[in-house]
Amino acid sequence: MKIPPVKGTRDFYPPDMARRNWLTDGWKKISLRNGFEEYDGPIFEYLKMFQVKSGDEIAEQLFSLTDRGGRELAIRPEITPTLARMVNQQINSLPKPIKWFSVPRLCRAERPQKGRLREFFQWNIDIIGSDDLLADAEVIFCTIDYLQNIGLTPKDIVVKISSRKMLAAVLQTIGVEKKELDPLYALLDKQSKLPQDTFEKLLAEKVADKTQYKKILELMTVKSIEQIKTLTEQNKTAKESVDELERVFELLNVMGVADFCSFDISIIRGLAYYTGTVFEIYDKASQLRAIGGGGRYDNLLKDFGGPAISAVGMGMGDCVLAILLEEKGILPEQLPQPKSDYFIAYANQKYLQKAVEITAKLRLAGFITNFNYKFSNIGKQLKQASNQNAAKCVIVGDEFEKNELVVKNMSTGEQKLIDYDKFISDIGTKSK
RNA sequence: GUGAGAGUAGCUCAGCUGGUUAGAGCACUGGAUUGUGGAUCCAGGGGUCGCGGGUUCGAAUCCCGUCUUUCACCCCA
């Protein structure tokens with residue numbers, strides 16, 4: 001019986017696994033150098049956990065199960081609720097700000113399409129317990145640090161940044177009621193995906209007041225923060241939020257990553273819990289869906305039964321990123337060759353035993369070492385050695401009668417006779 | 001949930017206006033080469049042409065259904 005792989009999942013054959021590791025190792029390396037510590041949680045949680053901040057529609061896109069004790073569980077579709085739970089549990093003993101990162105494997109029962117699968121990996125970084133704009137800037141910097149590190153430039157990607165707080169304040173000065181904000185966000189967020197006339201039509205349906213409608217439309221065309229200052233009569237919150245956003249850009253400039261960043265009023269993010277800075281990373285051509293995104297959220301911990309502590313975070317999935325890197329020719333280049341240190345060849349079946357012994361000694365000393373189970377001629381064994389990218393090949397042959405081995409450097413082709421005892425005593429230990 | 005395209009060897013695909021035994025490249029195995037690799041040449045293994053039904057003397061090829069997959073919509077934490 002042939003059982004196919006499950007829809008929306010991937011098999012990672014060794015070359016794929018090498019790429020995946022290259023990607024996730026990069027996430028980890030950059031997180032650490034930006035001062036984040038790694039955490040992880042269980043791959044499943046109570047179903048309820050994922051229903052707290054989102055409705056039933058999202059619950060339909062969960063892989064859920066009932067365990068034998070009747071508990072309703074779900075495989076995690078995101079790690080933020082777990083993070084909130086973990087932080088809440090130890091909130092009083094953790095030094096602030098908490099800077100944590102994770103690379104969880106997540107599952108969502110959505111229909112797969114380009115850049116979206118049912119199982120994927122997502123890099124998450126969060127700074128909890130600081131409302132300083134430095135935290136906002138640091139999260140964005142860390143994100144760019146990674147993207148830049150793997151070879152992407154401002155020609156390839158752009159981080160579009162805006163502020164929920166500012167948008168809310170400005171919309172309110174225009175006259176939009178607070179309770180109308182969320183449904184309006186949903187529409188404004190789609191502006192870039194819709195043809196302009198469709199967008200205008202939908203907006204007109206949503207906003208009955210003609211003056212309001214015009215002002216919103218005008219607001220959504222602004223290209224700089226400067227324009228917003230002059231666009232509306234200022235109220236205190238609006239002014240404050242504009243200053244804050246400018247401060248974030250100033251910090252990003254100081255950090256030397258301003259080339260990657262641009263203000264974009266249409267960045268709102270679907271999620272209701274964002275309260276301040278919001279940002280999304282896109283490929284420059286905007287051909288792909290967002291590579292990642294994040295922002296400041298003030299109520300998340302509280303929603304999970306903790307204190308009202310401000311936080312800012314970012315999430316980036318592996319699917320879209322991999323597509324972009326593939327297109328840019330970065331991923332294939334980076335594919336690490338499986339590399340071994342030694343290949344032990346034997347010229348005659350009677351030396352097999354010795355070859356096994358040498359292999360074991362080298363392995364115990366930390367060297368990646370291989371040999372062939374089945375005897376074949378030296379040419380074949382050398383071919384195998386080069387296929388395995390062995391740095392050196394040791395040949396156990398008739399020289400061994402004189403207590404000698406042939407050690408061949410596989411890249412130069414150079415080979416020499418080495419006394420067996422000397423070879424063994426010189427093995428040393430490979431630094432790990 | 002809605003719509004469109006695609007399923008032929010391990011992979012990428014050709015063959016498709018029906019016609020004998022279904023092909024190529026890459027990969028794999030063996031040989032040329034019984035002690036010297038990466039190259040080259042030769043040979044070999046590997047297929048229920050996604051599955052089921054229909055039309056036909058004859059179906060990989062045409063028709064219907066079904067499954068899978070890709071892409072788009074919805075959604076996007």
Side-chain angles (χ1 to χ4, degrees), chain A residues 2-11 13 15-16 45 49-62 74-84 104 106-118 120 122 124 186 189-190 193-194 198 268-274 278 280 287-295 297 300 303 313-317 319-320 323 337 343 345-349 351 372 374-400 405-417:
Chain A
K2 206 167 160 187
I3 299 171
V6 174
K7 181 197 278 284
T9 62
R10 287 169 290 180
D11 292 328
Y13 287 88
D16 309 309
E45 295 269 6
M49 175 147 247
F50 303 115
Q51 295 172 320
V52 168
K53 59 171 198 184
S54 27
D56 288 340
E57 285 201 13
I58 281 186
E60 279 172 22
Q61 303 197 324
L62 289 172
I75 300 174
R76 62 187 178 187
E78 57 171 332
I79 201 170
T80 313
T82 304
L83 170 68
L106 307 176
C107 293
R108 298 175 186 175
E110 296 173 299
R111 181 163 286 198
Q113 53 189 279
K114 192 174 186 183
R116 194 165 75 181
L117 298 169
R118 289 187 162 187
F120 57 95
Q122 190 185 61
N124 283 256
D189 191 47
K190 277 186 198 154
K193 286 171 204 153
L194 296 170
T198 313
I268 294 162
R269 311 249 326 129
L271 218 60
Y273 65 66
Y274 288 106
V278 280
E280 283 180 349
Q287 291 298 302
L288 305 171
R289 58 181 71 238
I291 298 160
Y297 48 93
L300 194 65
D303 291 345
M314 186 282 303
M316 177 188 296
C319 302
V320 179
I323 292 168
Q337 298 272 335
F343 188 92
Y346 48 106
N348 185 303
Q349 182 67 38
Y351 299 121
N372 197 1
K374 226 172 80 183
F375 174 73
S376 56
N377 63 48
I378 288 291
K380 196 126 272 182
Q381 293 186 67
L382 277 165
K383 187 171 182 166
Q384 227 179 326
S386 65
N387 282 343
Q388 291 179 12
N389 262 310
K392 289 176 179 172
C393 185
V394 174
I395 300 168
V396 190
D398 293 335
E399 307 83 351
F400 193 72
L405 297 171
V406 174
V407 178
K408 186 181 176 85
N409 180 319
M410 294 301 283
S411 51
T412 63
E414 177 195 2
Q415 62 183 51
K416 46 193 168 190
L417 271 173

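Proteins come first, then strands; the chains are lettered A, B, ... in the order of their sequence lines, and each starts at number 1.
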* Map A:Lys193 and A:Ile323 onto RNA chain B by nearest heavy atom, then report which one ends up closer to the 5' terminus. => A:Ile323

* To do: Check A:Gly8 against A:Leu117 and note the closest heavy-atom contact, atom names and distance.
  => O-CB, 3.4 Å

* Just how far, in rounded Å, is C1' of B:rU36 from NZ of A:Lys392? -> 18 Å

* Same-atom distance (C1') from B:rA9 to B:rU48, integer angstrom -> 13 Å

* To do: Would you kindly give the CG-to-C1' distance between A:Asp303 and B:rA77, to the nearest whole Å?
  => 14 Å

* Atom C1', compared across B:rG23 and B:rU2: separation rounded to whole Å -> 39 Å

* **Candidates B:rU36, B:rA72, B:rC75 - which lies nearest the side chain of A:Gln61** => B:rC75

* Mind calculating the distance between CD1 (A:Ile268) and P (B:rC76) to the nearest angstrom? => 13 Å

* To do: Provide, to the nearest angstrom, the distance between the CG atom belonging to A:Asp189 and the P atom belonging to B:rC74.
  => 12 Å

* Asked: Taking the same atom, P, in B:rU34 and in B:rG25, what whole-Å distance lies between them?
  -> 27 Å

* **Nucleotide nearest A:Pro112 (side chain, heavy atoms from C-beta), chosen from B:rU70, B:rG37, B:rC76** => B:rU70

* **Presence of A:Gln113 side-chain N/O under 4.0 Å of B:rA72 phosphate oxygens OP1/OP2** => yes

* Asked: Would A:Tyr346 and A:Asn372 count as having a side-chain donor-acceptor pair, cut-off 3.5 Å?
  -> no

* Asked: When the P atoms of B:rG18 and B:rA32 are considered, how many whole Å apart are they?
  -> 49 Å

* Less than 3.5 Å between a donor and an acceptor, one on the side chain of A:Arg116 and one on the base of B:rC75, is that the case here? -> yes

* Structure fact -> Rounded to whole Å, the CG-C1' distance (A:Leu194 to B:rC75) equals 14 Å

* Structure fact -> Smallest heavy-atom separation, A:Arg289 atom then A:Gly115 atom, equals CD-O, 4.0 Å

* To do: Select base, sugar-phosphate, or nothing to describe what A:Lys190 touches, counting heavy atoms under 4.0 Å on all strands.
  => sugar-phosphate

* Asked: Looking across every strand, which nucleic acid part, if any, lies under 4.0 Å from A:Gly315 by heavy atom: base, sugar-phosphate, or nothing?
  -> nothing

If you restrict it to nitrogen or oxygen atoms, what contacts under 3.5 Å exist between nucleotides 41-47 of chain B and the protein, and what is each distance?
none

* Which atoms form the tightest heavy-atom contact between A:Val278 and A:Ile268, and what is the distance? -> CG1-O, 3.8 Å

Any protein N or O atoms within reach of nucleotides 31-35 of chain B? Criterion: under 3.5 Å, listing atom names and distances.
unit_1: B:rG31; atom_1: OP2; unit_2: A:Lys380; atom_2: NZ; d: 3.0
unit_1: B:rG35; atom_1: O6; unit_2: A:Asp398; atom_2: N; d: 2.4
unit_1: B:rG35; atom_1: O6; unit_2: A:Glu399; atom_2: OE1; d: 3.3
unit_1: B:rG35; atom_1: N1; unit_2: A:Glu399; atom_2: OE1; d: 2.9
unit_1: B:rG35; atom_1: N1; unit_2: A:Glu399; atom_2: OE2; d: 2.4
unit_1: B:rG35; atom_1: N2; unit_2: A:Glu399; atom_2: OE2; d: 2.6

* For B:rC16 versus B:rC74, give the span between their C1' atoms, rounded off to a whole number of Å. => 36 Å

* **d(CD, A:Gln384; P, B:rC28) in whole Å** => 12 Å

* Structure fact -> Smallest heavy-atom separation, A:Pro104 atom then A:Gln122 atom, equals CD-O, 2.8 Å

Polar atom pairs (N or O), protein with nucleotides 1-12 of chain B, under 3.5 Å:
unit_1: B:rU2; atom_1: O4; unit_2: A:Arg111; atom_2: NH1; d: 2.3

* Side-chain donor/acceptor of A:Arg108 to base of B:rA77, under 3.5 Å -> yes

* What's the CZ-P distance between A:Arg118 and B:rU68, to the nearest Å? -> 10 Å

* Asked: Using atom C1' of each nucleotide, how far apart are B:rC13 and B:rG47 to the nearest Å?
  -> 15 Å

* Using the P atom on both, measure B:rU29 against B:rC62 and round to a whole Å. => 38 Å

* Whole-Å distance between B:rC73 C1' and A:Arg289 CZ? -> 11 Å

* What interatomic distance, in whole Å, is found between P of B:rA39 and the corresponding atom of B:rG5? -> 43 Å

